[in-house]
Amino acid sequence: MSGVGLDGVTVTYGRRASRRTTAVAPFTDEVAAGEWVGLIGPNGAGKSSLLRAIVGLVEHGGEIGIDGRDVREMSDRERAALIAYVPQQPLIPDDMTAREYALLGRSPYINYFGSESHNDRVVVADVLRRLELEPFADRLLGELSGGERQRVVLARALAQQAPVLLLDEPTSALDIGHQQQALELVAELRRHDELTVVSAMHDLTLAATYTDRLTMLHHGVVVASGVAADVLTAERLGDVYNVCVTVDVETDDATGDTTVIVVPRRGAPAP
Ligand SMILES: Nc1ncnc2c1ncn2[C@@H]1O[C@H](COP(=O)(O)OP(=O)(O)O)[C@@H](O)[C@H]1O
Ligand SMILES: [Mg+2]
């Protein structure tokens, strides 16, 4: 189990002052071990930049620690054993099979000259099965649909079995059934393996359903953070996304669980 500590994290692009963009203003949060936090916010809010900073793909200001260890002090291999990351726009080789690609998730455990072990193959086969990717396992990635490829990328990250999982819009190309299947699998792995999950998501109802807590970013700044029913108000969504929605909050009398449903309405406000 690993928590993620973020202390005054900033991400800035562009070296020249005239072209400098602050994508993430100082961001401070403590993602507890085993927690699932959803990052939401409109396009350009800074969600991907924050995830990229955690995984070390962009430089950051401030401190990011996994279990109190500064990510800057970790080797690539150490980091890969701790953090699995599904990028928003993965670059994937067309000439590799789905199974070979998913096996790359096992690389932190395979030594330089070594080939994968029986266990590596079992882990990959299990993830492929659970994502209904078995029929595609030996097909080339270049011959899969966008949604199938997205599930293969998720399979690679899950095969990595890292305690921290970062997902950048992992279900954007999936149909409603495969969205549910992928998120259910993440939820199950989280329970079973006590994964810590941070995911950027556009579907607010799905984000509310699966995460413990939502953090809403706007222009790189946190505008709200907390349980979905508090964060997702129609008024705030109107202000931040410039959208007209109604939000239904239902509480199950027996379990006390709340369901938050965001429904877009006709009559969007003018920009
Ligand atoms: N490589 C980059 N170089 C310069 N600016 C970037 C780069 N990547 C993202 N940005 C800018 O940073 C801001 C945040 O982007 P991003 O983190 O991708 O937002 P989100 O994932 O929430 O849509 C945007 O203004 C975007 O234009
Ligand atoms: Mg993004």
Side-chain angles (χ1 to χ4, degrees), residues 4 6-29 31 36-64 71-72 76 79 83-92 146-147 149-154 156-157 164-174 179 182-183 186 196-208 210-211 213-226 228 231-233 236-243 245 262 264 268 271:
V4 183
L6 301 130
D7 188 5
V9 175
T10 57
V11 177
T12 307
Y13 296 106
R15 291 193 186 279
R16 270 194 264 143
S18 59
R19 297 184 55 189
R20 206 164 284 159
T21 315
T22 300
V24 181
F27 181 97
T28 297
D29 197 359
V31 183
W36 186 343
V37 172
L39 296 177
I40 57 172
N43 297 142
K47 306 177 296 294
S48 296
S49 299
L50 188 59
L51 294 175
R52 286 202 290 261
I54 300 173
V55 79
L57 292 174
V58 289
E59 287 181 16
H60 63 272
E63 306 293 329
I64 301 177
V71 292
R72 290 191 189 95
D76 290 347
R79 214 193 285 233
I83 309 172
Y85 166 64
V86 174
Q88 188 172 352
Q89 285 165 331
L91 282 174
I92 52 177
R149 274 201 296 270
Q150 193 170 37
R151 273 147 62 214
V152 175
V153 175
L154 185 62
R156 172 187 170 162
V164 176
L165 180 60
L166 307 179
L167 304 171
D168 199 346
E169 297 182 33
T171 58
S172 57
L174 303 188
Q179 279 186 347
L183 294 172
V186 172
T196 306
V197 186
V198 182
S199 60
M201 295 169 81
H202 271 310
D203 187 311
L204 301 174
T205 302
L206 279 182
Y210 283 95
T211 64
R213 181 158 69 85
L214 294 176
T215 293
M216 188 188 287
L217 290 167
H218 192 203
H219 301 309
V221 177
V222 174
V223 289
S225 182
V231 171
L232 299 175
T233 63
R236 182 175 291 126
L237 293 173
D239 289 346
V240 171
Y241 286 84
N242 192 35
V243 69
V245 294
V262 178

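Only this structure's heavy atoms are used, side chains among them; waters, hydrogens and symmetry mates stay out. Every number for a ligand or one of its atoms is a count from 1 in the order of the listing.
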Inset, instruction - Could you tell me whether ligand 1 has any atom less than 4.0 Å away from a heavy atom of G14? - result: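 No; G14 lies far enough from ligand 1 that no heavy-atom distance drops under 4.0 Å.
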
Legend entry - E169 near ligand 1 by a heavy-atom separation under 4.0 Å: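 No, E169 has no heavy atoms under 4.0 Å from ligand 1.
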
Is the closest N or O pair between [X] and ligand 1 shorter than 3.5 Å?
X	result
S49	yes
A23	no
K47	yes

Inset, instruction - Using atom types as modelled and distance alone, determine if a side-chain donor or acceptor of K47 lies under 3.5 Å from a backbone N or O of P42. - result: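 Present.
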
Legend entry - Under 3.5 Å donor-acceptor, R20 side chain and R15 backbone: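 It does hold such a pair.
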
Non-hydrogen side-chain atoms of [X] and [Y] separated by less than 4.5 Å:
X	Y	answer
I92	R156	no
D168	V86	no
Y13	V58	yes

Legend entry - Nearest heavy-atom neighbours spanning I64 and V4: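 Here I64 and V4 meet closest at CG2-CG1, 4.4 Å.
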
Legend entry - Over all atoms of both residues, closest heavy-atom pair of T171 and Q150: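 Closest approach of T171 to Q150: C-OE1, 3.6 Å.
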
Just need the protein heavy atom nearest to [atom], so name the residue and atom and give the distance.
atom	value
atom 9 (C) of ligand 1	Y13 CE1, 3.5 Å
atom 26 (C) of ligand 1	G44 CA, 4.9 Å
atom 19 (O) of ligand 1	G46 N, 3.2 Å
atom 18 (O) of ligand 1	S48 CB, 3.7 Å

Inset, instruction - Check whether any protein heavy atom sits under 4.0 Å from atom 7 (C) of ligand 1. - result: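 So atom 7 (C) of ligand 1 has protein heavy-atom neighbours under 4.0 Å.
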
Legend entry - Pair S199-Y210, side-chain donor/acceptor within less than 3.5 Å: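 Per modelled atom types, S199 and Y210 side chains form no pair under 3.5 Å.
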
Inset, instruction - Indicate whether any N or O donor in one side chain lies under 3.5 Å from an N or O acceptor in the other, for R72 and H60. - result: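 H60 and R72 do have a side-chain donor-acceptor pair below 3.5 Å.
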
Legend entry - Metal proximity, S49 vs the Mg ion (ligand 2), N/O/S cut-off 2.8 Å: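 No, S49 does not qualify, because none of its backbone or side-chain N, O or S atoms lies under 2.8 Å.
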
Legend entry - Heteroatom N/O/S of N43 within less than 2.8 Å of the Mg ion (ligand 2):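 Here the distance criterion (N, O or S atom, under 2.8 Å) is not met by N43, so no.
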
Inset, instruction - Could you tell me which atoms of ligand 1, counted from 1 in the order shown, lie closer than 4.0 angstrom to a heavy atom of N43? - result: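 Once the distances to N43 are compared, the set is 23 (O).
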
